[in-house]
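For the single chain, residues carry numbers from 1 onward in sequence order. Hydrogens, waters and symmetry mates play no part in the numbers below; they use all other heavy atoms, side chains included.
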Amino acid sequence: MIGPSLRVSRSHFPVTALGPGVRLGVWVQGCPLGCKGCMALDTWSRDGGVDVPVGTLVDRWRDAVDRGATGLTISGGEPLAQPGPLLAFLDAARRIGADVGAEHDILLFTGFQPAELDEEQRRTADRADVLIAGRFDAAAPTRLIWRGSANQAMILQTELGRRRYAAHVDAEPANPPLQVRVDGTGAWLVGVPRPGTLARLDREFRARNLAVDQVSWRPARSDMDGE
């Protein structure tokens, strides 16, 4: 039987900049919210990315667990724009954790506020130990870890979430955790950079005469040509 698929932009392992410990990160494709100043414009279009069967994502998660993953981070895009297949994936991920007798937390990023969620979205959001909720607001910078703007809330939903994340709710590290990962499709900045970081990267690229075809925080050239 063919199961559900989740539209995915990319996934990475190991991720250490979006949640505590060592994690599998999955970025979904498609976002109806379109927050101004978003660093991941490439994840907005529903036509981008690829449809990945939930079973394939479960295999990736199982492999990550075998390699020492302590948590799963779901970002995007907007994960709760695809609540059905995401729910199927999170339920299967929970079962794998139970099977191996280990604790693996789930961190879910969403631009929605809890009060905006419909019944299906709420069921899916409830599978996460921790939500980081709220639209990105470029006019409200913050130093809070794993949040792009001061209005975004870290919501601890389970005992595991409270145990692992309580110390991070008000944490303001001097330097936010960031990673650079390189694969066959490009170089990826993983984490939540402080305001000005991306502009500094642009300047550094130019200063070093590095040719960059496209960055995710600016519209693609073809998009600009069509305006």
Side-chain angles (χ1 to χ4, degrees), residues 9-10 12 15-20 23 25-46 48 71-83 86 105-118 121-122 124-126 128-157 161-162 164-181 188-204 215-220 223:
S9 171
R10 51 192 172 267
H12 292 298
V15 167
T16 58
L18 286 174
R23 316 179 68 81
V26 177
W27 285 258
V28 305
Q29 183 71 32
C31 180
L33 302 178
C35 299
K36 185 177 180 180
C38 175
M39 68 174 288
L41 301 183
D42 60 317
T43 67
W44 284 13
S45 172
R46 186 65 176 83
L72 171 64
T73 295
I74 309 294
S75 188
E78 173 47 60
L80 293 180
Q82 302 179 66
L86 180 58
D105 73 86
I106 297 174
L107 171 61
L108 174 63
F109 285 82
T110 176
F112 291 112
Q113 294 288 356
E116 297 179 291
L117 302 180
D118 63 28
Q121 290 172 323
R122 183 69 259 177
T124 304
D126 284 345
D129 297 284
V130 177
L131 292 179
I132 293 183
R135 289 161 178 73
F136 172 68
D137 182 355
T142 185
R143 298 178 67 86
L144 291 168
I145 193 168
W146 304 320
R147 277 150 285 182
S149 56
N151 61 295
Q152 293 177 325
M154 183 185 294
I155 304 169
L156 313 185
Q157 301 195 126
R162 290 185 285 274
R164 287 194 175 176
Y165 288 78
H168 299 292
V169 171
D170 297 316
E172 297 181 334
N175 295 299
L178 295 172
Q179 292 172 268
V180 176
R181 296 189 55 82
W188 304 97
L189 181 65
V190 180
V192 183
R194 294 268 167 78
T197 299
L198 303 180
R200 288 195 295 273
L201 274 176
D202 278 336
R203 292 194 295 270
E204 188 68 18
V215 295
S216 66
W217 53 90
R218 287 198 299 271
D223 294 339

Side chain to side chain, Met154 and Asp170, heavy atoms closer than 4.5 Å: no
Leu107 side chain near Ile132 side chain, heavy-atom distance below 4.5 Å: yes
Flag side-chain contact, heavy atom, 4.5 Å: Phe136 against Lys36: no
Parallel, tilted or perpendicular: rings of Trp146 and His168 (30°, 60°): tilted
Side-chain ion pair, Asp42 and Arg10, N-O less than 4.0 Å: yes
Sub-4.5 Å side-chain heavy-atom contact between Leu178 and Val192: no
Heavy-atom side-chain contact between Leu72 and Asp105 under 4.5 Å: no
Test side chain to side chain donor-acceptor pair (under 3.5 Å) applied to Arg135 and Glu78, Gln113, Glu116, the passing residue: Glu116
Test item: Leu108 and Leu80 side chains (from C-beta on) under 4.5 Å apart, heavy atoms: yes
Any donor-acceptor pair under 3.5 Å from Thr43 side chain to Gly77 backbone: yes
Modelled atom types, side-chain donor and acceptor of Asp129 and Tyr165, under 3.5 Å: no
Side-chain (Gln179) to main-chain (Ala17) donor-acceptor, under 3.5 angstrom: yes
Side chain proximity check, Val26 to Ser75, heavy atoms < 4.5 angstrom: no
Presence of salt bridge, Glu172 and Arg147, under 4.0 angstrom: no
Cationic N near anionic O, under 4.0 Å, Asp126 to Arg122: yes
